[in-house]
Protein chains: 2
Amino acid sequence: MARRPAPDTRERILDTAALLFYDHGVQAVGMQQIIDRAKCGKSLLYREFPSKAELVAEYLERARRDFGRQYAEADDHAGSDPSARLIAFVEAMAEGVQSPDYRGCPFRNYLAEVADHDDSAGRIATGYLLDTRARIENFVADMNVAAPDVLAERIWLIVEGLHTAAAHPGGGRAADVALSLVRELVRDAMRV
Amino acid sequence: MARRPAPDTRERILDTAALLFYDHGVQAVGMQQIIDRAKCGKSLLYREFPSKAELVAEYLERARRDFGRQYAEADDHAGSDPSARLIAFVEAMAEGVQSPDYRGCPFRNYLAEVADHDDSAGRIATGYLLDTRARIENFVADMNVAAPDVLAERIWLIVEGLHTAAAHPGGGRAADVALSLVRELVRDAMRV
DNA sequence: GTCTATAAGCCGATAGAC
DNA sequence: GTCTATCGGCTTATAGAC
């Protein structure tokens, strides 16, 4: 018999690739870099991930799952009031940008650096954005406010700004600013 | 003497490079592509721009000048009231994202795709963002509102969101949303 | 480990104005 | 013919892929 495959190879490679992709951008990272860092051979990487495009897609897909889990957990603690759930969702996103080595949202970064949004990874990234936006719209729709479309559009704009501003110089307060503004908009919308 | 140099060579190359860089991202565009499109030889490009990094820096520097001119023109028509000048500034930025082939802010895109912000181009991009933010802060400071820092931070977040959201699917209304929200924040801040 | 494509950058070759 | 702006192939490194 031959050597048994290490069980966590795929995850280890994906971990390594994810770190590099996030820190340096997808295009700037070569397959050789990932191989060196993951301490695996080329054939092993290419057995698990048939191409770089596939590896990138898996990186984003896993990020989507991870984010989805975080948001689901935040939602569990938020009770059933739609406005509370909305705030909890924005809080969870705001928490995500607070890391000192935050370098932007992986999906937004991918869409900014790759022009073609119709490949596999691009569809995951745009899908994530559309899902996030739809989630906000659904929460707002359940809130019975006067102009739900306006409120949802505004919150979406702030969420976009949150992820972008936090990655820029002097963006350390973006999370607080976004949260306070969303809270105020929600409060005002429900008061009327 | 001998053959005269074509007068607009440098501008033509820079025009071509700018279009390609903006449409496909800086990293995805090769020097050969620029050479082919600009219908010039390699030596000519390398005589005008000693390296790709220099060419990218010139692309961003020219964009900064162009944007600066647009904003200065908008400011000329805005009168002297700081709140009107602030609104005019945001209107000018909102107009900029309305193009059907808008693919994001060139500076923000560059920072998203290149991790190292300490090279020549990166300093131009971060400088542009810091200048824009400072301009907003200065307008707000001149407005004599109760909490100028909060207002400026909020408007900056919305401006970041404007540029990001407009490049994403379904972002066609981002300009209107951002403008109406900024107008409302300014109005509320001055009412109190 | 090797192979092919392509990147950035360099230099000999070409050609057009005097 | 000569001088120089410009061209396009060449070199080396590195990419992705088998």
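Every chain is numbered from 1, with letters handed out A, B, ... down the list of sequences.
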[N] [atom2] sits how many Å from [X] [atom1], rounded?
| X | N | atom1 | atom2 | answer |
| --- | --- | --- | --- | --- |
| L55(B) | dA7(C) | CG | C1' | 15 Å |
| L20(B) | dA7(C) | CG | P | 12 Å |
| L45(B) | dC11(C) | CG | C1' | 16 Å |
| F21(A) | dG16(D) | CZ | C1' | 12 Å |

OP1 or OP2 of dC18(D) under 4.0 Å from side-chain N/O of Y46(A): no
Proximal nucleotide (of dA5(D), dA17(D), dG9(C)) relative to the R47(B) side chain: dA5(D)
Nearest-neighbour nucleotide for the L44(B) side chain, dT6(D), dG9(C), dC18(C) considered: dT6(D)
Pair listing, ring-ring contact (aromatic ring centres under 6.0 Å, His included) test, anchored in residues 50-79 of chain A, at least two apart: F21(A)-Y59(A), F67(A)-F107(A), F67(A)-Y128(A), Y71(A)-F89(A)
Qualifying ring-ring contact (aromatic ring centres under 6.0 Å, His included) pairs, either residue in residues 152-190 of chain B, two or more places apart: none
Sugar-phosphate, base or nothing in reach of S43(A), heavy atoms under 4.0 Å: nothing
Distance-only polar pair, side chains of Q70(A) and D66(A), donor-acceptor under 3.5 Å: no
Whichever of A6(B) and A53(A) has its nearest DNA chain D nucleotide further upstream toward 5': A6(B)
dT2(C) base / K42(A) side chain donor-acceptor hit below 3.5 Å: yes
Minimum heavy-atom distance between D23(A) and A115(B), given as atom pair plus value: O-CB, 3.2 Å
